[in-house]
Amino acid sequence: MQVRKQFPFASFEPVWQRHWLENSTFRAANPGEPGSEKPKYYALDMFPYPSGAGLHVGHPEGYTATDIVCRYKRMKGFNVLHPMGWDAFGLPAEQYAVQTGTHPRITTETNIANFRRQIQALGFSYDWSREINTTDPAYYKWTQWIFIQLYKKGLAYVSHAPVWYCPALGTVLANEEVLPTPEGPRSERGNHPVERRPLRQWMLKITAYAERLLNDLDQLDWPESLKEMQRNWIGRSEGAEVKFMVDSSDDVITVFTTRPDTLFGATYMVLSPEHPLVGKLTTPEQQAAVQKYKAEVANKSDLERTDLAKEKSGVFTGAYAINPVNEAKIPIWIADYVLMGYGTGAIMAVPAHDERDHEFASIYLLPIIEVVRPLIGHPEYVEGSETASAAAFTGPGIAVNSDLLNGLPTDEAKARMISWLEETGLGARRIQYKLRDWLFSRQRYWGEPFPVIWNGDQHEVLSESDLPLTLPELDDYKPSPEGLAPLAKAKEWLAVSEGRTRETNTMPQWAGSSWYYLRYCDPQNSHQLIDPAIEKYWMGEKGVDLYIGGAEHAVLHLLYARFWHKVLFDLGIVSTPEPFHKLVNQGIILGEDNRKMSKAWGNVVNPDDVIAEFGADSLRLFEMFMGPLEQMKPWSTSGTEGVYRFLGRVWRLIMEEDQEGHWHFAPAKVTDAAPSDDLQRSVHAAIQKVTHDIEKLQFNTAISALMILVNDLTKETVRPRAAIETLILLLAPFAPHMAEELWHQLGHPKTLAYEPWPVAEARYLVKSEVEIVFQVNGKVRGHVSVAPGSTKETVEPLAKALPAFAEWTAGKSIKKVIFVPDKLINFVVG
RNA sequence: GCCGGUGUGGUGAAAUGGCAGACACGACAGACUCAAAAUCUGUUAUACGCAAGUAUGUGGGGGUUCAAGUCCCUCCACCGGCACCA
């Protein structure tokens, strides 16, 4: 069925897309090139993983937002960097290769071609000469180069931490790919049993940057919620480490505590089951019980271990420790509520003032000693209370039963105890982070190979001149049964020389995306990651000026990229400590049924279909008109029709259709006469509103301002050219194809991409009269029209002359008159 | 449990403490048409009323103020994140 279109978008949209490409309209000038004398503006989209499914309508939301800003900034005289590329390493292409034998490179190339076609069909103003692809050896050469720098700075190291391994699938699984079942942990895919295996892994020491990653958040223009998520993830806490001697032994157990003031209340200790001292401490009588418990814990997934609902469990080791402050002999237990990965993997348990310790002590009947008394007036304060209550008191209070600390408030008691520990050498002030080092290796094929050579247990990195180290060709991409990465099969590639072999792991997908924004600045540089002068120009001062992407990357990607950036900053390669000055998360677009878009619900909207029916401009416009950018909102087909009709009205302002159905410019609809005062006010009000709203990324209200202007213009039978041209320029960032086409129809030979942005002039915005609200006791009872800027003395008599005034104030006296110039006059009566 | 966010017409949503519902969608009515589509015009928070109008109304309750969707306290619901981090 051929539905008649409101305007011939299908014929002019591709024409302009080709025009922009062929004329390199959006090429950004690097330093030294003409155009680079302008101030720079760098707007970045989170580059996509090119999946086989293609684009969905969620992708263009953020892309459209940045595109509007970029087109606007160009018209404001900025040299704009707006690039696009592909985060193309990743699992789906590799799994497809395992199944079909198709090289992931082939799959990736096909998918990229499709993504590029879809993105170009939306008319985004990307500088395609800067397109990058993380799987391109010319790109990952520099990812490997960064790894070498990390290695040389001692920020990359090898660990043998246990990871989940599935023998049936022949692969290592991520934590979230393992599910707890009644039969034990199973793989999410296939429900096969999985086990913990210690495998050789590369780690990056992101923890060395914890403090800076935390502190520098303050200077960023990011959503507060996102900064808070990163702060929580880094998880800084202040406290002390304390040394406990093991009774009748030379062994020392060091613990971390945030409450050194409660040391006198420590009645037992708990080690994580994986703690290295457990085997040595355990007495022969307890050996069997401890071994059994450790075995149970070893096969629990993290999910099970951290399930708060379950009752705490643990086993006594038979050994005792000496509390350094009072020489008390306290039992040492192991329990899985103490995690090896945090602090020292051991705690002093203070059941009176820690909920977890209290719960554990209640189950195993361990002593509870109160050492902090709530302040008088505190809800938990009990008059004359000497015994520990039924629940732990975790708040601040006054130290009791604590010798040198007695009577001190919690803050002072902490400080006092730390000084004492430092004087006696039994402990020290310590800052602890939740943040763990970054597990940086994967047992995959489709990733960056490590530029690392092994010689027995010794490792070294390749020389920089040997980069890139490219991936070898393989016959099949399955991991080996022993849990080795697929690269272990590339025997020739693997062997460097006698006894020296290559690393078989590859880097995770996060690697390529941790620095891609830098490469866009200087994408073809073969001898440097980025030229210093170019870096200074594009990344100087604030780095990326605007970064828009999904909130799902709130922590990992954005933390990893910030970490690498700081390392590069320390190396003098970049000139700012932070990569992304302003960051905005676009909201998720839901299906028309208000559910998350998914194949399972059958509510996925494909941009190709929307473009075929309404055109790219309509899609762009609707994505922005739906609501605030940051907000989650449902798709609506009728809403799309609404903005499509709006564009049709714009088109018909100056175009008309002939008998054959062809559209032509209609000179009779346009006049060179000056706009009326009313129209002039509409035009300048629109300029003001659209400009303001684009700056604040409030595109929905900017579009409604354009609609109001178009409604005003529609009412005129003949439209002043000046007004029409201003409208077209204001519309250009949102609906660039139509704007270019109409601009062209009006006789302009050149693209409008670099036309100066219209300026709102105050003299056109002043009204000849304003309507003042007349209120009695805060309720609207009428209106008075006066000249703008009228004083209270002018307005008050006018208001009093209103019939409504007498009606509503009859029999009452005026107590007060509130006057807000040009807004309202309010009579308070009683 | 903790942290963050959001609650406004039938729907998506607007609103520097100053006329709540801009702009759209949908619905209804009218114009054009043989008819329909498209387009154009008008109406459209709720209740009462023929109407002018009056009252009520921004998740619930309370407060500050001449004036509260907006500020404060409290409760509820939903969404997102974290979750034995000592």
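Naming convention: chains lettered A, B, ... in sequence-line order (proteins, then strands); numbering from 1 in each chain.
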Could you tell me the separation between the [atom1] atom of [X] and the [atom2] atom of [N], rounded to a whole number of Å?
{"X": "A:Leu647", "N": "B:A24", "atom1": "CG", "atom2": "P", "answer": "13 Å"}
{"X": "A:Met229", "N": "B:A83", "atom1": "CE", "atom2": "P", "answer": "10 Å"}
{"X": "A:Tyr342", "N": "B:A86", "atom1": "OH", "atom2": "P", "answer": "4 Å"}
{"X": "A:Phe699", "N": "B:A22", "atom1": "CZ", "atom2": "P", "answer": "23 Å"}
{"X": "A:Trp233", "N": "B:C82", "atom1": "CH2", "atom2": "P", "answer": "6 Å"}
{"X": "A:Ile588", "N": "B:G80", "atom1": "CD1", "atom2": "P", "answer": "8 Å"}
{"X": "A:Arg231", "N": "B:A83", "atom1": "CZ", "atom2": "P", "answer": "18 Å"}
{"X": "A:Asn585", "N": "B:G81", "atom1": "CG", "atom2": "C1'", "answer": "12 Å"}

- [ ] Tell me, please, which residues at least two apart from A:Glu769 pass side chain to side chain contact (heavy atoms under 4.5 Å, CB included).
- [x] A:Ser785

Open item on the list: Does A:Lys312 qualify as a cation-pi partner of A:Tyr337, given the criterion of NZ or CZ under 6.0 Å from the six-membered ring centre and within 45 degrees of its axis?
Closed with: yes

Open item on the list: Between the side chains of A:Arg620 and A:Glu623, is the shortest nitrogen-to-carboxylate-oxygen separation below 4.0 Å, so that they form an ion pair?
Closed with: no

Open item on the list: Salt bridge check, A:Glu211 against A:Arg236: does any charged N sit closer than 4.0 Å to a carboxylate O?
Closed with: yes

Open item on the list: Using O4'-C1'-N9-C4 for purines and O4'-C1'-N1-C2 for pyrimidines, with syn meaning within 90° of 0, is B:G9 syn or anti?
Closed with: syn

TODO: Go along nucleotides 8-21 of chain B 5' to 3' and tag each nucleotide: B for a protein heavy atom under 4.0 Å from its base, S when only backbone or sugar atoms are that close, - otherwise.
DONE: ----BSS---BB--

Task: Contact pattern, 5' to 3', of nucleotides 36-45 of chain B - B, S or - by protein heavy atom under 4.0 Å - done: --SSS-----

Task: Counterpart residues, salt bridge (charged side-chain N to carboxylate O under 4.0 Å, His left out), relative to A:Glu355 (two or more places apart) - done: none

- [ ] Decide if the gap between the ring center of A:Phe805 and the ring center of A:Phe827 is smaller than 6.0 angstrom.
- [x] yes

TODO: Kindly say whether the aromatic ring centers of A:Tyr268 and A:Phe360 come within a distance under 6.0 Å.
DONE: yes

- [ ] Could you provide the dot-bracket string of RNA chain B, using ( ) for intrastrand pairs, [ ] for crossing pairs and | for bases paired to another strand, with Watson-Crick or G-U pairs below 3.5 Å?
- [x] (((((((..(((.....[....)))((((((.......))))))((((....))))..(((((..]....))))))))))))....

Open item on the list: Parallel, tilted or perpendicular, judged at 30° and 60°: which one describes the rings of A:Phe256 and A:Tyr342?
Closed with: perpendicular

- [ ] Could you tell me how the ring of A:Trp651 sits relative to the ring of A:Phe7: parallel (under 30°), tilted (30 to 60°) or perpendicular (over 60°)?
- [x] tilted

Task: Selection residues 426-437 of chain A - residue pairs positive for salt bridge (Lys or Arg N to Asp or Glu O under 4.0 Å), sequence neighbours left out - done: A:Glu241-A:Arg430

TODO: Give a yes or no on whether the backbone of A:Pro367 and the side-chain of A:Thr267 come within a donor-acceptor separation of less than 3.5 Å.
DONE: yes

TODO: Choose from B:C82, B:U54, B:A86 the nucleotide whose nearest atom is closest to any side-chain atom of A:Trp808.
DONE: B:U54

Open item on the list: Within the 4.0 Å heavy-atom criterion, would you say A:Ser636 contacts the bases, only the backbone, or no part of the nucleic acid?
Closed with: nothing

